[in-house]
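Remember, it's a predicted structure, so these values are computed and weren't measured experimentally. Chain A is the first sequence line, chain B the second, and so forth, proteins listed ahead of strands; every chain is numbered from 1.
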Amino acid sequence: MGKILEINGPLVKLQLPETVIGEQVRVGRIGLVGEVIGRDGDTALAQLYEDTSGLKPGEVADGLGWPLSVELGPGLLNAIFDGVQRPLNAVREKSGDRMARGVSVPSLPRDRLWHFIPDPQRHSASHVDGGDTLGTVQETESIVHRILTPPLVHGELLDLAPEGDYTVEEVLGRVKLPDGRIEKLHMFHRWPVRIPRPFRKRDHAVKPLITGQRILDTFYPLLKGGKAAIPGPFGAGKTMLQQQIARWCNAEIVIYVGCGERGNELTDVLEFMPELKDPHTGRPLMERTLLVANTSNMPVVAREASIYVGITLAEYFRDQGYDVVMVADSTSRWAEALREVAGRLGQMPVEEGYPAYLGSRLAAFYERAGRVETLNGGHGSVTLIGAVSPPGGDFSEPVTSHTKEIIQTFWALSKELADARHYPSVDWLESFSGYVPSAAKWWAENIDPGWEAARAQALDLLAASEELQRIVNLVGVEALSSEQRWTLEAAGLIKEGLLQQSATDEVDSFSSPEKQFALLSALLEIFRHGMRLVKLGAPARRLIQMPLMAQARRWKSQHKSEDLATLKAKIARIPAEFEQIALDYEPAAPAA
Amino acid sequence: MKNIEFRTAVSAQGGLLVMGGVAGVSAGSRVSLKDHVGNLRNGLVIRSSDDAVLVEVFEGTDDFDLERTWVRFLDEPFKLPVSRDILGRVFNGAGLPRDGRPPIISGDRRDVNGEPLNPAARAYPREFIQTGISAIDGMNSLTRGQKLPIFSGGGLPHNRVAAQIVRQAKLLGDASSEFVVVFAAFGTSHADARFFQESFEESGVINKVVMFLNLADEPVIERLLTPRAALTAAEYLAYDLDYHVLVVMTDMTAYAEALREVAVLRGDVPARKGYPGYLYSDLAEIYERAGRIKNRSGSITLIPVLSMPSDDITHPIPDLTGYITEGQIVLGRELFNQGVYPPVTVLPSLSRLMKDGVGKNFTREDHPHVASQLFASYAKALEVRGLAAIIGAEELSDSDRRYLEFAQGFERRFIGQDEDEDRSVYETLNLAWDLLSMLPAESLIRVSEEELAKYHKGSA
């Protein structure tokens, strides 16, 4: 038992001998929880997850004996947790609409019964290893929760409960460890959030994550098990884009971490998700979703923890063999929480007040993404998408620049595009993806062998139009040759007919890979036909005025992904439209 | 403890006072100080150990005589007494009356820091507020429970715009949906404060207004308390008395500067431009108190006004604000100099909640598309205008010239309106179609073909 010596914001100096760094502590009469971050002789420094006002020097403090851990078991999906995995709905029932301090509620519901079906391979007196599947629980209609042996437990399985209904706390079985001790198994186990969960080995990421967003999937793909960043100034549509990814991506589990962001955005997710259907399974999206919410007005230390809580939950589902996407909005707020605590500790600031270890912490965090062979020989992946909120939209600031070195896919959002309400405002010149070769294999095998070439051609067109636009801004469009004008027009067609995508339009919100490729190749076909005519001498102005040009810009919102037949019929008519005009310019065919 | 007077001040500098030899003082506790002439001052414990207690004194510690300063630790956080009687009253930044009337006596005293709202208890704001200003209603609409700041600059008419919103705000099709107003001014001039007071009096809402004033020549540290006291009053009105509360705060820049001043005194590590690293969290504590709660009928809509230092939107104060609030209304000097009122620069303006509060079932089915089309067409028109400045308007193509006319009409007729002109959202939308009809129908691809047929004046 120790006591409080000094209170300074969220940092509390304690007299607490024999504590270890990382240990959870309970402090003061109201029982605020925090973790030890430093020790000096008999005194320890702890950061508390809750507001410290009202604490007094001399009040009690006690070590809890374990580091910050999460509970892993059935009851996670469909839930909303705070930054230290307190279930917000249960907290609300207990303490009302506001977050009262010192409330202690178990993360997983203790009274709920789950129907457990033991794995047929497990029987008494057999050997179990860490990460082995003991059995399954149908957690939601679309997700089977595999009950795993805790990673560090292995030995002889003495007994395992038969099929039946159990709470998470009931003993499901017992394992005799190599040292002779008996370990009880439950439906859930704890894992410390700051330690990555073990796996057998890393695999290559091979499949693209399909988000249904054309500029992402077609131009800057991300793989399942990859890491991506979305930097953007405020108002560029970061949150919208992340919500779109969380809604439509073809992962099996989505973990959305609201780290220091707006409360209403999480409410939006909470209200919206249950109404939406997963385009891949047809089930409500909420069944595969889990939210971790530490809004900007909640205590800053728990904000720092929330990212680790999220990634540990993601790894747990990965270990069950699922493809998991974790969206972290925003890693900048996490870095700022780091900075705030570092500042109070008096650590030497390096860039913009951030501590020197910012880069290594960020890198270590992103390294927890990946596709792996799990301990039980299965395969699962964690895809990590981190939003970055650079101050003033300046991408050279520390968090953005460090992140850029770590990630493989960079979806840079542009204020200029957002101001013109071109959404998603992903800048096609600033963004990049290191996964294009791997994604190309998948597209070639599953959609069309011409994908890589078409993508490259479209990007060339966009780059060329950027050059031309500069000329136009100086001397006007009349100074361009017909070929150049047509290039500019075709790039505009790609921007408006393909890259721009409305999140609020029912049809346009999600594009299947088939639809994405159909649109891309159709627009390129228009470009090629037009270019042929221009070379024959047709003025670009005449082509630009073709009704087809306005119609093609609307195709994206007129044809559903499930119903591409009518779109393909329209595309098939493209050559005929140009043939009409070609008659005027082609050298007359010799009379038959 | 709260009845013991300590006279153990060790040092005083700026607004900070160090007390020695006081054991067991609670963090965040309110402090009452009596100086050598017997005047009472208020303070707050910001750091506490048995050896030394650091106190932030709101009225400052200038002219302190350390040996003759008596300090009491009240052992509770700053609290604001609330009752129905606060309507129509004027308080200072710490919640004491400044209108010469007696203080509020109430058994109900609320911690001004509030407690963070459980995200699971929030209800998503969806009800469209008609402000009668086209640039807002048409393109960046306000929703009940939203926090939507006005980004302005020195000399721009942000106060007039804020006052006009307060006068005209109403829910669509619900005449009884009146707002009560909580007005907080910190660091503003007496003239600005009087402007608001007179505006409230003229429009007859003064009995539904609670004012918290900390003016430019009053104690700086008290500014840290002013928005919190105002929001505590707003929360009481909204969630206890079921009012819809419109909170106007001005000027957030003065608040952030006060925060910086105190942070420097405390020796906090500065992040950008000398502002402390926790400026974001601190602003969020204020802004996030806007909103709605499930199963409660009241709401808090927050309109903070902030002047961007040197009109720079990337300055930490507007920048961090923009990351927290649900959009921003940006006022621009260029439009203002051309005599356009309200000088709303629409392209960098944004309302994040607009998508869920307009359109079918809310305003009119074409509203979201019209807004998007106006943004796209005006952005294009500005490009053309830039071009015309270089090559001359004569060299422009026919279609470009139409864009030039569109830009002119849009700025004069759509954005520009009178200070007492209260346009309904339907008038705003019809006006938008009048302007869009200046452009060829085939270039308007953000609106649907049906809408073009129905509203575009040039369509057959």
**Q** Ion pair present between B:E442 and A:R553, side-chain N to carboxylate O less than 4.0 angstrom?
**A** no
**Q** Using a cut-off of under 4.5 Å on heavy-atom pairs, state which of A:E336, A:R333, A:M99 scores highest against chain B.
**A** A:R333
**Q** Is it true that the NZ or CZ of B:K380 lies under 6.0 Å from the centre of B:F375's six-membered ring and within 45 degrees of the ring axis?
**A** no
**Q** Quick one: which of B:A388, B:A271, B:P368 has the most heavy-atom pairs under 4.5 Å with chain A, could you say?
**A** B:A271
**Q** Can you tell which of B:A371, B:G386, B:S48, B:G24 has the highest number of heavy-atom pairs within less than 4.5 Å of chain A?
**A** B:S48
**Q** Between B:R296 and B:E235, is the closest basic N to carboxylate O distance under 4.0 Å?
**A** no
**Q** With rounding to the nearest 0.5 angstrom, report the CG to OH distance, A:D329 to A:Y256.
**A** 4.5 Å
**Q** Given the options B:L350, B:N113, B:L444, B:D51, which has more heavy-atom pairs under 4.5 Å with chain A than any of the others?
**A** B:L350
**Q** Mind checking the CG-CG spacing from A:L48 to A:L11? Nearest 0.5 Å is all I need.
**A** 8.0 Å
**Q** Would you call B:E449 and A:R554 a salt bridge, using N to O less than 4.0 angstrom?
**A** yes
**Q** Given the options A:K13, A:R303, A:H422, A:E59, which has more heavy-atom pairs under 4.5 Å with chain B than any of the others?
**A** A:R303
**Q** Taking B:E395, B:E285, B:H369, B:R352 one by one, which has the highest count of heavy-atom pairs under 4.5 Å against chain A?
**A** B:R352
**Q** Looking at A:A418, A:G353, A:P57, A:G28, which has the largest count of heavy-atom pairs under 4.5 Å with chain B?
**A** A:P57
**Q** Is B:Y280 close to chain A through its backbone or its side chain, or both, or neither, when contacts mean heavy atoms under 4.5 Å?
**A** side chain
**Q** Relative to chain B, which segment of A:E261 carries a heavy atom at a distance below 4.5 Å: side chain, backbone, both, or neither?
**A** both
**Q** Of the listed residues (A:G260, A:S502, A:S389), which shares the most heavy-atom pairs with chain B below a 4.5 Å separation?
**A** A:S389
**Q** Which residue out of A:G235, A:A550, A:G58 racks up the most heavy-atom pairs below 4.5 Å with chain B?
**A** A:G235
**Q** Any idea which of B:A120, B:A23, B:P316, B:A379 has the most non-hydrogen atom pairs under 4.5 angstrom with chain A?
**A** B:A120
**Q** Measure the CZ-OG1 distance between B:R144 and B:T301 for me, rounded to the nearest 0.5 Å.
**A** 7.5 Å
**Q** Please identify, among B:I391, B:I293, B:I324, the residue contributing the most non-hydrogen atom pairs under 4.5 Å to chain A.
**A** B:I324
**Q** Go through the atoms of A:V300 and report whether side chain, backbone, both or neither lie under 4.5 Å from a heavy atom of chain B.
**A** side chain
**Q** Could you tell me which portion of B:V346 (side chain, backbone, both or neither) has an atom closer than 4.5 angstrom to a non-hydrogen atom of chain A?
**A** backbone
**Q** Is B:R122 in contact with chain A via its backbone, its side chain, both, or neither, using a 4.5 Å heavy-atom distance?
**A** both
**Q** Quick check on the interface: out of A:N294, A:D51, A:L5, A:L266, who has the most heavy-atom pairs with chain B under 4.5 Å?
**A** A:L5
**Q** Do B:R292 and B:Y239 form a cation-pi contact, if we require the NZ or CZ to be under 6.0 Å from the six-membered ring centre and within 45 degrees of the ring's axis?
**A** no
**Q** Can a cation-pi geometry be assigned to B:R228 and B:F78, taking NZ or CZ under 6.0 Å from the six-membered ring centre and within 45° of the ring axis?
**A** no
**Q** Below 4.0 angstrom, N of the basic side chain to O of the carboxylate: do B:R272 and A:E397 qualify?
**A** no
**Q** Using 4.0 Å as the upper bound for N to carboxylate O, is an ion pair formed by B:D75 and A:K56?
**A** yes
